[in-house]
Amino acid sequence: MDTMKVGQSATIISFTDEVMSLKLLEMGCVPGEVVTLERKAPLGDPIAISVAGYLLSLRIDEACTVIVSIHD
Amino acid sequence: MANKKIKVALVGNPNCGKTSLFNALTGLNQKVANFPGVTVDKKTGLCKLSDAKGNEIDAEIIDLPGTYSLYPKTMDEHVTFQLLCDPRNPLHPDITIVIADASNLKRSLFLCSQIIDLKTPVVLALNMMDLVKKKGLEINIPMLEKKLGIKVIAINAREKIGIDELKQAISEDLTAPRADFINIRAFAPEVVDLIKKTIHVNSDYVAFQIANNYELIPFFNANPSKKEIIKSFLDEHKFNSSHLQAAETLERYKILTDKVIKDVVIQKDAIQSKQFTTKLDSFLTHKIFGYIFFLLILFLIFQAVFAWSSLPMEWVQKGFQKLSEVTQTSLPAGFFNDLLVNGIFAGLSGIVVFIPQIAILFTFIAILEDTGYMARVSFIMDKLLRKFGLNGKSIIPLVSGVACAVPAIMSTRTIQSWKERTITILVTPLISCSARIPVYTLLISMVVPNRYVLYSINLQGLVLMGLYLIGFLTALLAAFLLSFVLKAKERGYYIMEMPVYRMPRWSNIGITIVEKVKIFLFDAGKIIIAISIILWFLASFGAGDRFKNIDQKYQRTEYTSTLSSQEIKRHIQAEKIAASYAGSFGRFIEPAIKPLGFDWKIGIALITSFAAREAFVGTMATIYSVGEEGSHESIKDKMIADINPQTMKPTYTLAVGYSLMIFYAFAMQCMSTLAVVYRETRSWKVPVLQFIFMGLLAYCASFAVYHLFK
């Protein structure tokens, strides 16, 4: 997810960190869900994505654990 | 007949309007205590209800910490888990109200579906229906009730709409949901059956939750043999908690998406192009305007806490002065008069004086939280402060600390991560607060020449600025080092919702201020009063007949004929403080503080400063018998003229002055800060650690400075 550019959308595929994934799952980041990178903080980190109809912010090292398929 | 009593738990995601609903249900009938054994605040309130027959019911509403699921990850969530999943818990609710942000329906219903499966009576309060409308959506409530099998009530917690309907719903005899939302037994049938048998619970899901977190259930800690059975049984059946949690979460979301949301949420209008929040965010998190705006907000907070609070603080001090004068003259002189005036009133005044700053700072904090801007502060400041082991939100306590550490430390509550919050609490008192200003200015005026360097820079001003800078940089450095030393109790996340912007609600802000002031007055206040009575005792009594002898000495004609009664009074005060227990203590510690250049008189001031750092000036005035009315100039002159009996040189040299300033910059000499740290961390560990680490830092730094300038 950390390679996404602002405005890009992607579909969540899977997670690389089990503990982190539990937190993300319960907040609605489930595989198959479409996310959009809405904005980055001025210093590039954290980032804000829209998922399941709301805005979620997370640090880059947290976003790294989410494998997504970026839409064209 | 006594009223029927019920316990109602309030559960919901963060930012779903739970606090607004709690306030709407209970008004000012709120109490803050802590859950037994943990550091989490327990907020409860009373709500009067009446059932269909007109019988009154007293409902105790328990506001549980915001959470996204029942699986406990943080200390706050442990509490929610223990309350809801352990039927033996004394606070286990009769009814649970799940409050949901209707504009985030799927995520909110996820938590609700877990609570439905606990099989205790549940009501769903659907909040923020206005936002649903704005999104061009509509929610079919009867359909939602049918799908979930529980009562659903649309409310607007901020506008207090639907509250009566909700009250009516919880006053009826509710039955537990009949159908399971998901079939959890299918995930681990043997384990569920065993737990149901062992501790007699009737819900499959409660059994499943307990299997995942049996360490948190007091029943098993009291029955180690049963705990052992469960443990080996789980191992035997290869019960993989993380896997099952993930599977359960996916299953719930799948049902919610396919079977609930699809039939309940109706798309009415096309989605409005750009939402207000998105537009505002592109300004408020902008790389230039975002910081400019935040700087303005910080400046405003700083101004308010610093300047606007000074007038009410003066009223408090004047009021107590008046009260003391009246008491002193109207009551017979003696022990109790002195205890009342100089011990208790002085302590009370020292507590009440903080109220203006606390109220003003929390007005701002509540507005920042209520509007949703606080999440953006974190967003734009996180990367800068993370390097120092701090959170983006730490900037607010750090800046407020320039005015006073007490409200600043109370404001760290908005930081969720335990580690980042503890570090912020530990380093905030290193920021030079306003109580240090009188000490700094007195010492600077004594030892730093009032001249200009480089034509335009005032040397005294430069030193003052240097002291502030040293405080700030040391705080950052200490935070950086602490981030390696401190072991996190739980895994910290940044992951956080950025809520939509909303107008603040003044009633919520008012209740926040009342709550914070109450916490400070009653929890920290107790400790402050106790310490100030001890300090009064140390300064007002001496060993043996010392005080009596001083009084007798000044009754002799050689004094009464040559000195005015005012002068005699001052001389008596000066000799008494030297003869007091504080004075003895000052002499006792003199060998220890001598390497810093301090004598026993400074030793006394170090002790009395514990009431508040500015007490240094007053104590010096007493010791050098200039009287309390003595002006700044006269104290300064007396101190400059003081000669060290051993070296026959002035006591207050440049080296001593700098050493003392550095000591005041670093040492934890504030009982109110210690008391509030104790209250906020609910343990003596952090304040004691802080006292020691800041004391050592002050000692070493003063030692170095003294020898550098000597």
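To find a chain, count down the sequence lines: A is the first, B the second, and so on, and within it residues start at 1.
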I'd like a table of donor-acceptor pairs (distance under 3.5 Å, sequence neighbours excluded) in which one partner is a side-chain atom from residues 51-58 of chain A, with atom names and distances.
from, atom 1, to, atom 2, distance (Å)
Y54(A), OH, M27(A), O, 2.6
S57(A), OG, M496(B), O, 3.1

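Neither the backbone nor the side chain of R252(B) comes within contact range of chain A; no heavy atoms are under 4.5 Å apart. Both the backbone and the side chain of S69(B) have a heavy atom closer than 4.5 Å to some heavy atom of chain A. Both the backbone and the side chain of D281(B) come within contact range of chain A, judged by heavy atoms closer than 4.5 Å. Of the atoms belonging to I47(A), it is backbone heavy atoms, and not side-chain ones, that fall under 4.5 Å from chain B. Heavy atoms of Y253(B) lying under 4.5 Å from chain A belong exclusively to its side chain.
Contact count against chain A (heavy-atom pairs under 4.5 Å) is highest for F379(B) among F379(B), Y291(B), F110(B), Y68(B). For the options T249(B), N13(B), D101(B), heavy-atom pairs under 4.5 Å to chain A are most numerous at T249(B).
When the shell of 6.0 Å around CD of E77(B) is examined, it contains more than 12 heavy atoms from other residues, nucleotides or ligands. Annotation: H243(B), atom NE2; neighbour count of heavy atoms from other residues, nucleotides and ligands within 6.0 Å does not exceed 12.
For A246(B) against L22(A), the heavy-atom pair with the smallest separation is N-CD2, 3.7 Å.
Heavy-atom neighbours of chain B within the stretch residues 38-46 of chain A, taken at a separation under 4.5 angstrom, comprise R39(A), K40(A), A41(A), P42(A), L43(A), D45(A), P46(A). Of residues 2-11 of chain A, no residue lies under 4.5 Å from chain B by any heavy-atom pair.
Here the OG-CE distance, from S50(A) to M498(B), works out to 11.0 Å after rounding to the nearest 0.5 Å.
Screening residues 20-35 of chain A for salt bridge (charged side-chain N to carboxylate O under 4.0 Å, His left out) gives E26(A)-K73(B), E33(A)-K106(B) as the qualifying pairs, with residues at least two apart or on separate chains.
A 4.5 Å side-chain heavy-atom check between V19(A) and Y493(B) finds at least one atom pair inside the cut-off. By the 4.5 Å heavy-atom criterion applied to side chains, L250(B) and P31(A) are counted as neighbours. Here the side chains of I495(B) and M20(A) are in contact, with some heavy-atom distance below 4.5 Å.
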